[in-house]
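Structure first, commentary second.
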Amino acid sequence: MAAEGTIAITAAVIAGSVALLGFGLDSAIEGLASVIVVWRFTGTRTLSETAEARAQKSVAVTFFLLAPYIACDAITTLAGRDHARTSWPGIGLAIASLIVMPALGAAKRRLGARLDSAATAGEGTQNLLCAYLAAAVLAGLLASTLLGWWWLDPVVALGIAGLAVREGIEAWHGEECC
């Protein structure tokens, strides 16, 4: 996730892609959620229901960290009619994430169910969200590059922000999603 985030953020800055930036920032948030789950299953917290509840809420909060910045950036980009440039590294990264993240997310959700850990399942949901984001970012980047649809990149970013809020609400309540 560190490599994914670094590549995505660097490519986003170079290309001026708000959707790719949201994707990269989501990778950083996924990393934070992984740290939370590791914290949850260390030391005396292993059998603690209180630690599970804290970890579950903390994972939910990580979803909310992404939305405001990306929404504001997307609205500014649309209003300013700023056009993202082609990002082949971003396109390649999105394709790689579409291949890897669904399997990782599904495995973490199964593990969360076996451990009765909403925090672990929620972190797996973040990996699935990463795959959804990769598909959306790929569509936005390709549409901009191939069709000149510059506006699709910030529209995709707004969708990323909305999806992050929805997933955060579901993770907060410990609900299964998607």
Side-chain angles (χ1 to χ4, degrees), residues 1-12 19-71 89-141 156-157 159-178:
M1 283 179 269
E4 178 185 71
T6 301
I7 293 167
I9 291 169
T10 302
L20 190 54
L21 179 62
F23 183 70
L25 292 174
D26 179 67
S27 296
I29 291 169
E30 280 183 77
L32 178 59
S34 294
V35 169
I36 291 166
V37 170
V38 169
W39 168 85
R40 165 36 187 126
F41 287 104
T42 56
T44 60
R45 291 178 295 275
T46 303
L47 301 175
S48 170
E49 288 183 30
T50 303
E52 174 61 27
R54 282 187 189 140
Q56 176 187 335
K57 301 290 188 210
S58 296
V59 168
V61 167
T62 65
F63 285 107
F64 300 127
L65 295 175
L66 178 64
Y69 176 78
I70 295 302
I91 291 169
L93 180 65
I95 291 169
S97 294
L98 274 171
I99 294 167
V100 173
M101 288 301 163
L104 181 61
K108 286 181 183 177
R109 286 181 61 158
R110 281 192 306 274
L111 180 61
R114 283 195 359 220
L115 296 173
D116 194 29
S117 170
T120 304
E123 208 253 322
T125 298
Q126 281 198 336
N127 296 127
L128 294 175
L129 176 61
C130 180
Y132 305 149
L133 297 179
V137 167
L138 181 61
L141 292 173
V156 165
I160 290 170
L163 186 59
V165 169
R166 181 181 141 242
E167 296 295 339
I169 291 168
E170 290 178 357
W172 186 268
H173 296 292
E175 299 170 7
E176 288 295 318
C177 91
C178 310

Could you state the interatomic distance from [atom1] ([X]) to [atom2] ([Y]), rounded to the nearest 0.5 Å?
{"X": "L65", "Y": "L25", "atom1": "CG", "atom2": "CG", "value": "10.5 Å"}
{"X": "N127", "Y": "S27", "atom1": "CG", "atom2": "OG", "value": "9.5 Å"}
{"X": "I70", "Y": "L163", "atom1": "CD1", "atom2": "CG", "value": "13.0 Å"}

List in chain and number order the residues that pass side chain to side chain donor-acceptor pair (under 3.5 Å) with [X], two or more places apart in sequence or in another chain; answer none if no residue qualifies.
{"X": "S117", "result": "E52, T120"}
{"X": "D26", "result": "none"}
{"X": "R110", "result": "none"}

Would you name the heavy atoms of [X] and [Y] that are closest together and state the gap between them?
{"X": "P89", "Y": "A11", "result": "CB-CB, 4.4 Å"}
{"X": "V165", "Y": "A67", "result": "CG2-CB, 3.5 Å"}
{"X": "K57", "Y": "W172", "result": "NZ-O, 2.9 Å"}
{"X": "A19", "Y": "V156", "result": "CB-CG1, 3.9 Å"}
{"X": "L20", "Y": "G90", "result": "CD2-CA, 3.9 Å"}
{"X": "P102", "Y": "L128", "result": "O-CD2, 3.7 Å"}

Does some side-chain heavy atom of [Y] sit less than 4.5 Å from a side-chain heavy atom of [X]?
{"X": "S97", "Y": "F23", "answer": "yes"}
{"X": "V137", "Y": "I160", "answer": "yes"}
{"X": "Y132", "Y": "M101", "answer": "no"}

Donor-acceptor pair, [X] side chain versus [Y] backbone, under 3.5 Å?
{"X": "T10", "Y": "I7", "value": "no"}
{"X": "K108", "Y": "A121", "value": "no"}
{"X": "R40", "Y": "R45", "value": "yes"}

* To do: Decide if atom OH of Y69 counts as having more than 12 heavy atoms of other residues, nucleotides or ligands within a radius under 6.0 Å.
  =>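 Atom OH in Y69 is not packed in, count stays at 12 or less.
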
